[in-house]
Amino acid sequence: MKRLILVAFMLISGFAFAQTEGYKVGDVVKDFSLKNVNNKMVALADYKDAKGYIVVFTCNTCPVAKAYQERISALNATYAAKGYPVVAINPNDAGAVPDESFQKMQALASEKKFNFPYLLDPDHVVTKQFGATRTPHVFVLNKTDKGNVVEYIGAIDNDPEEANSTKVEYVKNAVNELSIGKKPAIASTKAVGCGIKWKKG
Amino acid sequence: MTNNDKTIPTKFRYSFMRVFFIICLSLITYCATAQVTLLKLDELDKRMANGKDTTYVINFWATWCSPCVAELPNFEKLRLANLKKPVKVILVSLDFKSKLQKEVIPFVLNNKINAEVFLLNEPDQQAYIERIDKKWSGAIPATLFVNKKARRFYEKEFTETELKNTLLNLK
């Protein structure tokens with residue numbers, strides 16, 4: 001019996017490890033081409049003048065992601081002009097949660113006047129490449145000769161409910177540091193978010 | 001004299017009844033609203049420190065987290081199976097504080113959750129995630145088993161059997 005439990009635990013921990021695979025800080029990102037809410041395909045390489053990217057995994061339904069919608073728009077408003085545009089990707093499967101459908105993404109993007117692409121990731125291909133585990137989950141990339149290098153992974157800030165008096169804006173700080181040629185002082189953070197709604201079966 | 005003897009107890013009886021009625025009313029309202037209270041990590045730590053031989057099974061969940069909601073009945077079963085043992089099941093919601101009245105309390109009432117439910121009252125999630133467990137990414141559901149001798153943290157969903165076995169094997 002004990003051995004059985006041990007095997008079960010090993011399987012579980014193996015599974016947990018598999019779940020945390022994906023890009024680490026320092027990894028070079030493989031480009032992708034995903035459909036935007038305007039039906040056009042978007043790839044990182046399309047942004048010829050970009051110095052980097054703020055890739056945000058976010059969605060239609062998660063209360064935490066919703067709480068961050070305006071902050072994501074604000075990030076793009078501030079940093080797209082400085083060469084660090086926001087590229088948002090919905091990692092969720094509409095089969096698992098109907099409100100995550102492409103039509104609902106289009107509706108949300110027009111209702112909230114998203115000033116950044118909001119991309120569909122069918123079959124979670126890009127989500128798995130990045131190793132995104134929740135919404136919102138941010139990857140800040142720096143464009144280099146080697147390719148787009150991951151420089152920050154984690155939360156937008158430490159204040160989801162806008163009630164933290166000691167607010168630290170991780171993504172802003174990371175991009176500001178990159179823009180002056182520095183490495184982000186805080187390269188990864190943890191956060192509570194909604195788990196990804198994976199395709200069933 | 002006889003008249004007075006009769007009237008005084010009646011008066012008392014009335015005021016007693018009134019007091020009793022008021023206590024009942026306030027108890028009912030207390031039960032309906034006090035299902036979920038705010039909790040600081042310091043308070044949780046203090047309680048565990050004073051817990052003597054109690055094993056605490058602390059589940060971190062949220063009303064918006066579907067796998068969390070799905071496993072809540074397993075925690076209720078664990079609680080019922082261990083009523084006579086020094087085991088305490090505590091459900092700590094990570095919902096927004098602003099959702100306490102509108103979403104968390106109605107959810108607890110509608111789903112007839114009888115375990116103790118709290119809403120975590122910590123503004124800095126970076127700090128509290130690390131404090132609960134260094135390995136925790138912040139993903140929920142997550143469950144902490146803790147007593148005087150052991151502390152085990154799991155970032156995963158639990159079946160009824162897994163919960164039972166994890167509790168039994170806690171050393």
Side-chain angles (χ1 to χ4, degrees), chain A residues 1-6 8-9 11-17 19-20 22 59 61-68 92 96-97 99-100 131-137 153-170 186 188-198 200, chain B residues 38 60-71 92-100 102-104 107 119-143 152-159 161-171:
Chain A
M1 186 63 192
K2 269 200 176 153
R3 201 189 261 168
L4 206 90
I5 290 165
L6 193 76
F9 270 102
L11 277 174
I12 289 160
S13 48
F15 181 62
F17 181 73
Q19 273 190 322
T20 56
C59 69
T61 60
C62 169
V64 185
K66 281 183 183 173
Y68 274 105
N92 288 340
V97 179
D99 279 347
E100 295 295 353
T133 56
R134 59 179 182 271
T135 54
H137 200 168
I153 302 175
I156 291 167
D157 56 43
N158 62 353
D159 188 18
E161 214 180 348
E162 310 206 91
N164 185 0
S165 55
T166 54
K167 182 168 179 167
V168 185
E169 298 183 278
Y170 302 118
I186 299 175
S188 71
T189 55
K190 297 173 171 186
V192 173
C194 301
I196 286 168
K197 310 297 181 292
W198 303 102
K200 282 170 190 155
Chain B
L38 295 173
F60 297 92
W61 68 289
T63 55
W64 46 257
C65 162
S66 45
C68 306
V69 170
E71 69 168 3
V92 178
S93 151
L94 303 182
D95 283 90
F96 286 165
K97 240 162 66 179
S98 57
K99 303 285 183 196
L100 176 63
K102 270 194 192 157
E103 285 178 23
V104 183
F107 179 91
L119 191 143
L120 192 64
N121 183 20
E122 292 287 348
D124 188 346
Q125 57 175 227
Q126 218 43 235
Y128 78 69
I129 288 171
E130 288 277 314
R131 229 178 112 180
I132 289 161
D133 195 273
K134 290 253 182 292
K135 294 196 306 286
W136 187 18
S137 77
I140 48 175
T143 303
R152 297 270 183 282
F153 184 82
Y154 302 90
E155 183 177 317
K156 71 190 252 342
E157 291 159 48
F158 275 99
T159 64
T161 320
E162 284 170 339
L163 272 181
K164 201 173 97 187
N165 290 341
T166 311
L167 183 66
L168 281 175
N169 289 295
L170 190 73
K171 292 274 154 52

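Below, chains carry the letters A, B, ... as their sequence lines are ordered, and counting in each starts from 1. The analysis underlying the following values was restricted to heavy atoms, covering all of them including side chains, and did not include hydrogens, waters or symmetry mates.
Going from atom NZ of Lys66(A) over to atom CH2 of Trp64(B) covers 12.5 Å, rounded to the nearest 0.5 Å. To the nearest 0.5 Å, atom NZ of residue Lys134(B) and atom NZ of residue Lys190(A) are 8.0 Å apart.
When heavy atoms are compared at a cutoff of 4.5 Å, Val168(A) does not approach chain B at all. Ser98(B) touches chain A through backbone and side chain together, each having a heavy atom under 4.5 Å away. At a 4.5 Å heavy-atom cutoff, the contact between Lys197(A) and chain B is made by side-chain atoms alone. Only the side chain of Tyr128(B) comes within contact range of chain A, with heavy atoms under 4.5 Å apart. For Glu130(B), the part lying near chain A is the side chain, with the backbone staying farther off; criterion is any non-hydrogen pair under 4.5 Å.
Every residue two or more places apart in sequence or in another chain that forms a side chain to side chain contact (heavy atoms under 4.5 Å, CB included) with Thr159(B) is listed here: Thr161(B), Glu162(B).
Remark: Lys167(A) NZ is packed, more than 12 non-hydrogen atoms of other residues, nucleotides or ligands lying under 6.0 Å away.
Interface residues of residues 155-164 of chain A toward chain B, defined by a heavy-atom distance below 4.5 Å and sorted by number: Asn158(A), Pro160(A), Glu161(A), Ala163(A), Asn164(A).
Residues Gln126(B) and Tyr170(A) share a closest heavy-atom pair of CG-OH, 3.1 Å. In plain terms, the two heavy atoms of Arg134(A) and Ser137(B) that are nearest each other are NH1-O, 3.9 Å.
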